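Here's the structure we're looking at; comments come further down.
Keep in mind the model is a prediction, meaning the values are calculated, not measured.
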Number of protein chains: 2
Amino acid sequence: MATSDNKDARATKTRRRTRIQREKETLILDAALDVFSAQGFAGATVDELAAAAGMSKPNLLYYFAHKEDVYSALLDRQVDDWTVPLQEIREDGEPLEELRGYIRRKLELSRMRPRESRLYAMEIIQGAPRLKSALDGQIYALVREKSAVIKGWMDSGRIASVDATHLIFAIWATTQHYADFAVQVRAITGTDTESTFATALKTLEVLFLDGLRIRDG
Amino acid sequence: MATSDNKDARATKTRRRTRIQREKETLILDAALDVFSAQGFAGATVDELAAAAGMSKPNLLYYFAHKEDVYSALLDRQVDDWTVPLQEIREDGEPLEELRGYIRRKLELSRMRPRESRLYAMEIIQGAPRLKSALDGQIYALVREKSAVIKGWMDSGRIASVDATHLIFAIWATTQHYADFAVQVRAITGTDTESTFATALKTLEVLFLDGLRIRDG
DNA sequence: GTCTATAAAGAGATAGAC
DNA sequence: GTCTATCTCTTTATAGAC
């Protein structure tokens, strides 16, 4: 293990990068996202990664010493982006509007970055071996924080009371569904995704917002 | 390809089975469900399948000539079970009660058979290469049929109007989430799954049923 | 930095004894 | 039906020339 430290240091995060190195790494990661999100970590080969990035296999391994390093780099990047919509919920906003915005941002993320969503989903489904620390750390803390905010709204009677954490789960599940199960959605709706996301947004707004709106009757 | 037909015929569905054959096959499939649902098709090895089933590799391959055959057998079995809760929706029932029952059955399936759910989810995420025909066939037809039933309820003013197909997607997504993302749910809620499903059911009932209930005010 | 060639290990599947 | 031994092909990763 110690014998490969020099090589690993060159090809991973510990070293300062030149501009061209960063460009190549970005190129590789974007190509790898295609491959990994479609086939999972084990289903992808370094040959395929290299072909997708338009370079030879040893060349790719010059930038990322191990297939695993490419995959981990993608996952790390994803965790941050993925939690942004939730971070943006503001305690001092109007509750239903804050939730509407959250649903919209999360659905937009599914629309614009389905590959990232699928990559993340597969990792979680397989037990999240590489995300355990993020789950127990930043993701746990963020959800706890925002759950408390939503619970505050409920406790002051501004929206209906449900378990706030499970409400977040429901928003995650429904919005990510359109990225993760895109093949199934397409097979069933027939349409291409043009109108799908518009219909999805309207449906989710009715379910979540009308479900949580305080009733007159 | 033609040269392996005799072998394949013995080890796959085309042949009538003895009792002991069926028992061994069931044993293998149950063990394989553990392995495939945790690692995906590509991530699992025949060695691991055999070890999980408590037999040698050649012995497993005596019953299923190819790794792929084990996997396909699992998937086939899953599609049927998985669509049962939706099939049981009855047009002549009370709409909100029918939907409540559907949510409950689907959530119960996530609770009792999380491995099957994860196996199916990974297959869909990866583009459903082996489920394309089921998606375009029986699943498509069933969802269309039940969407029409739900739309009928909406058109006659018995529940609020949303896109019925996307309502089904939302129920799928939220209920399966507890099986597919179990690791994440556990990391965030802290609790073990005892109370999780009870809280989930209450939350989903509020969201879906209150969201769809026709309002007095 | 990039390539060709190749080492080394892994994994699906088979041969053939029992 | 089940096993040990093994074949063969794939795949990760490295060596070393340019």
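You'll find that the side chain of Gln21(B) is closest to dG1(D), out of dA5(D), dG1(D), dG1(C). Out of dT12(D), dG12(C), dA13(C), the shortest distance to the side chain of Thr45(B) is found at dG12(C). Taking only side-chain atoms of Pro58(A), from C-beta outward, the nucleotide of dT12(D), dA5(C), dT14(C) with the closest atom is dA5(C). Checked against dC3(C), dG1(D), dA13(D), the side chain of Ser56(A) finds its nearest nucleotide in dC3(C). Comparing atom distances between the Asn59(B) side chain and each of dT11(D), dG12(C), dC3(D) picks out dC3(D) as nearest.
What separates CG of Asp47(A) from P of dT12(D) is a distance of 7 Å, to the nearest Å. Remark: P of dG1(C) and CD1 of Ile20(A) are 6 Å apart, rounded to the nearest angstrom. In this structure, Leu49(A) places its CG atom 8 Å from P of dT12(D), rounding to the nearest Å. Gln39(B) places its CD atom 10 Å from the P atom of dA11(C), with the value rounded to the nearest Å. For the pair Met55(B) CE and dG1(D) C1', the computed distance is 10 Å after rounding to whole Å. Between the CD atom of Glu48(B) and the P atom of dA11(C) there is a distance of 7 Å, rounded to whole Å. For Arg22(B) and dG1(D), the CZ to C1' distance is 17 Å, given to the nearest whole Å. The interatomic distance linking Lys67(A) (NZ) with dT10(D) (P) rounds to 16 Å, in whole Å.
The shortest distance between the side-chain N/O atoms of His66(A) and the OP1/OP2 oxygens of dA13(D) is below 4.0 Å. Residue Tyr62(A) has a polar side-chain atom (N or O) positioned under 4.0 Å from OP1 or OP2 of dG1(C). Put simply, Tyr63(A) has a side-chain N or O that comes within less than 4.0 Å of OP1 or OP2 on dT2(C).
Defined by atom type and a distance below 3.5 Å, a donor-acceptor pair is missing between the side-chain atoms of Asp163(B) and Thr199(A). Looking at Glu123(A) and Tyr71(A), their side chains do bring a donor and an acceptor atom within 3.5 Å of each other.
Among the protein residues, Lys57(A) comes within range of the nucleic acid bases, having at least one heavy atom under 4.0 Å from a base atom. Within 4.0 Å of Ala44(B), counting heavy atoms only, lie sugar-phosphate atoms of the nucleic acid but no base atom.
Ranked by how close their nearest DNA chain D nucleotide is to the 5' end, Phe41(A) and Gly54(B) are led by Gly54(B).
The 12-atom threshold is not exceeded at CZ of Arg90(B), counting heavy atoms of other residues, nucleotides or ligands nearer than 6.0 Å. Under a cut-off of 6.0 angstrom, the local environment of CZ in Arg77(A) is crowded, with over 12 non-hydrogen atoms contributed by other residues, nucleotides or ligands.
Here His166(A) and Tyr178(B) bring their ring centres to under 6.0 angstrom of each other.
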